[in-house]
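All values reported here derive from a predicted model rather than from experimental measurement. Lettering of chains follows the sequences in order, A, B, ..., and the numbering in each one begins at 1.
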2 protein chains.
Amino acid sequence: MVFPSGRCFIQEGAPAHDFYVLTGGRAKLFTLMPDGRRQIVGFAELGDFLGLTSSETYAFTAEALGDVTLCRFPHSAIDRLVERFPRLRGRLQKEASSELVKMQSRLMVLGRKTARERLASFLVEQASPCCGHHALHDEREPLTLPLPMSRTDIADYLGLTIETVSRTFGLFRKEGLISVKGASSVTLLEPGVLSDMANGIKRD
Amino acid sequence: MVFPSGRCFIQEGAPAHDFYVLTGGRAKLFTLMPDGRRQIVGFAELGDFLGLTSSETYAFTAEALGDVTLCRFPHSAIDRLVERFPRLRGRLQKEASSELVKMQSRLMVLGRKTARERLASFLVEQASPCCGHHALHDEREPLTLPLPMSRTDIADYLGLTIETVSRTFGLFRKEGLISVKGASSVTLLEPGVLSDMANGIKRD
DNA sequence: CGCGCTTTTGAGATTACTCAAACTTCGTGG
DNA sequence: CCACGAAGTTTGAGTAATCTCAAAAGCGCG
């Protein structure tokens, strides 16, 4: 199952009949307020489970960021699947609890961090695609990241405006922390500094 | 197992040997930044599971809000428990996914809502202790809530300062939306209006 | 009744937002 | 291959919401 860039394959509030496993590409997950304010609640990648909810409806909209491939399963098939692949159960539990931990750190980002700290957190998070438990590859090793999402997406993920995101990118650039190529690729020149900034640690 | 008010029974970062079921009272769950900034990631109540994590350490600190009673189980006992009480598995899954949905709405609160909307969200959430899926009891029925947490706790939950929380309470009072008794008890005089405000809906 | 702590209120500072305009980038078509 | 146009991004100037610092008021408790 393939969806083209920009296609919403899960709709917030729609009856939650199916769940999906993302097998290629990335997607953004978001919720909307009636007046259009948007909060991106996460980005999904290879291997992520989407649409598993205990309620009758989906809690967020999922939109393809670039082309995306998915496997769809009806909710009713979960038990059958778990029976056939017993490993799956542990996988689902791990997934859920690690997602919960990520959510808690996102709450800190949105509730208590400054714009600089938020963007640094975002960059560091993007740098460690799976599980962030091992620090950045190397404190001083430049690291180039693709950023498939727009500035607007980053802003809606970090609870900022697009202008603030852009200005903060500009500051980081001037300070020699990053270099930017064409708005969709960043190189972290000082991963260690960014990581400390993300965690609210001041270096003199 | 009983813990007195103010006692931390789970420490962020400590090895996660046990998990808990809260059987009485309430607790606040929070994470800290090195400079002391605090984000309350949730309040736990009767029946909540705490300390279930896929990682080696706890992701948050849990502190008793008033006296709290708990049952403690070593993590290693989960499989045994699930074997003996097969219902528990579904319970754990439901718990996890409903917590995830709550987290998503908290992200919207912290990322995109104004101070007024945040406090309204908080009051409405406190008014529907379990699952918020059925609207407030009655749109126009005043509803009195105990607030066991301090203004500081509310501020750290909503990503605001204590002064902003206090001022916003003051505004709501002046506008006839609530009435306050002794800072630890509120009456929602216009639950419908507050609920709309929480969701960013303007009433003329 | 007085003390300490929490909460409320006030005044000014600051961060991030809003509105507006200029500039890039990238895809399209000549 | 280059010019054009639309969309996305960056930059600028002024504003507004919330924060910070400070002081007064209220509340609970001994």
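- Not counting sequence neighbours, B:Thr57 has no partner by the side-chain hydrogen bond (donor to acceptor under 3.5 Å, both in side chains) test.
- For B:Arg106 and B:Tyr157, the side-chain atoms include at least one donor-acceptor pair closer than 3.5 Å.
- In this structure, A:Arg89 has no side-chain hydrogen bond (donor to acceptor under 3.5 Å, both in side chains) partners at least two apart in sequence or on a different chain.
- Note that the first and last nucleotides of DNA chain D, 5' to 3', having any atom under 4.0 angstrom from a heavy atom of chain A are D:dT9 to D:dA13.
- The pair A:Arg37-B:Glu117 meets the salt-bridge criterion, with a side-chain N (NZ, NE, NH1 or NH2) lying under 4.0 Å from an Asp/Glu carboxylate O.
- Atom NZ in A:Lys181 sits roughly 13 Å away from atom P in C:dC26 (whole-Å rounding).
- Between the CD1 atom of A:Ile162 and the P atom of C:dA16 there is a distance of 17 Å, given to the nearest Å.
- Taking the centre and axis of the six-membered ring of A:Phe30, the NZ or CZ atom of A:Arg38 falls inside the cone set by 45° and 6.0 Å.
- Of the residues in residues 30-39 of chain B, not one comes within less than 4.0 Å of DNA chain C through any heavy atom.
- Remark on the helix from C:dC1-D:dG30 to C:dG30-D:dC1: inter-end axis angle 40°, axes from five-pair C1' superpositions, rounded to 10°.
- A distance of 13.0 Å separates CG of B:Leu32 from CZ of B:Phe60, quoted to the nearest 0.5 Å.
- Salt-bridge formation is detected for the pair A:Arg112/B:Asp156: a Lys NZ or Arg NE/NH1/NH2 atom is positioned less than 4.0 Å from an Asp or Glu carboxylate oxygen.
- In this view, A:Glu175 and A:Arg116 satisfy the salt bridge (Lys or Arg N to Asp or Glu O under 4.0 Å) rule, not counting sequence neighbours.
- Contact annotation: the side chain of A:Val2 never approaches that of A:Leu70 to less than 4.5 Å [non-hydrogen atoms, C-beta and beyond].
- Considering CD1 of A:Ile10 and NE2 of A:His17, their distance stands at 12.5 Å, rounded to 0.5 Å.
- Remark: B:Arg91 engages B:Glu95 in a salt bridge, criterion side-chain N to carboxylate O under 4.0 Å.
- For the contact set between residues 112-119 of chain A and DNA chain C, defined by any heavy atom under 4.0 Å, the members are A:Thr114, A:Ala115.
- Applying the side-chain hydrogen bond (donor to acceptor under 3.5 Å, both in side chains) test to B:Ser184 and every residue at least two apart in sequence or in another chain returns nothing.
- A cation-pi contact, defined as under 6.0 Å to the ring centre and within 45° of the axis, links B:Arg151 to B:Phe169.
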N/O-N/O pairs, protein side and nucleotides 10-12 of chain C side, under 3.5 Å:
{"from": "C:dG10", "atom 1": "N7", "to": "B:Arg167", "atom 2": "NH1", "distance (Å)": "2.8"}
{"from": "C:dG10", "atom 1": "O6", "to": "B:Arg167", "atom 2": "NH2", "distance (Å)": "3.2"}
{"from": "C:dA11", "atom 1": "N6", "to": "B:Arg167", "atom 2": "NH2", "distance (Å)": "3.4"}

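- Taking the six-membered ring where tryptophan is involved, the planes of A:Phe49 and A:Phe19 are tilted, since the angle between them lies from 30° to 60°.
- For the side-chain hydrogen bond (donor to acceptor under 3.5 Å, both in side chains) test, residues two or more places apart in sequence or in another chain that qualify with A:Ser97 are B:Ser54.
- Ring-plane geometry between B:Tyr58 and B:His75 is classed as tilted, the angle between the planes lying from 30 to 60 degrees on a 0 to 90 degree scale.
- For the contact set between residues 149-161 of chain A and DNA chain C, defined by any heavy atom under 4.0 Å, the members are A:Gly159, A:Leu160, A:Thr161.
- Interatomic distance, A:Leu52 CG to A:Leu50 CG, rounded to the nearest 0.5 Å: 8.5 Å.
- For A:Gly182 and B:Ser166, each mapped to the nucleotide of DNA chain C holding its nearest heavy atom, the one lying further toward the 5' end belongs to B:Ser166.
- Checked against salt bridge (Lys or Arg N to Asp or Glu O under 4.0 Å), B:Lys28 has the following partners two or more places apart in sequence or in another chain: B:Glu63, B:Asp153.
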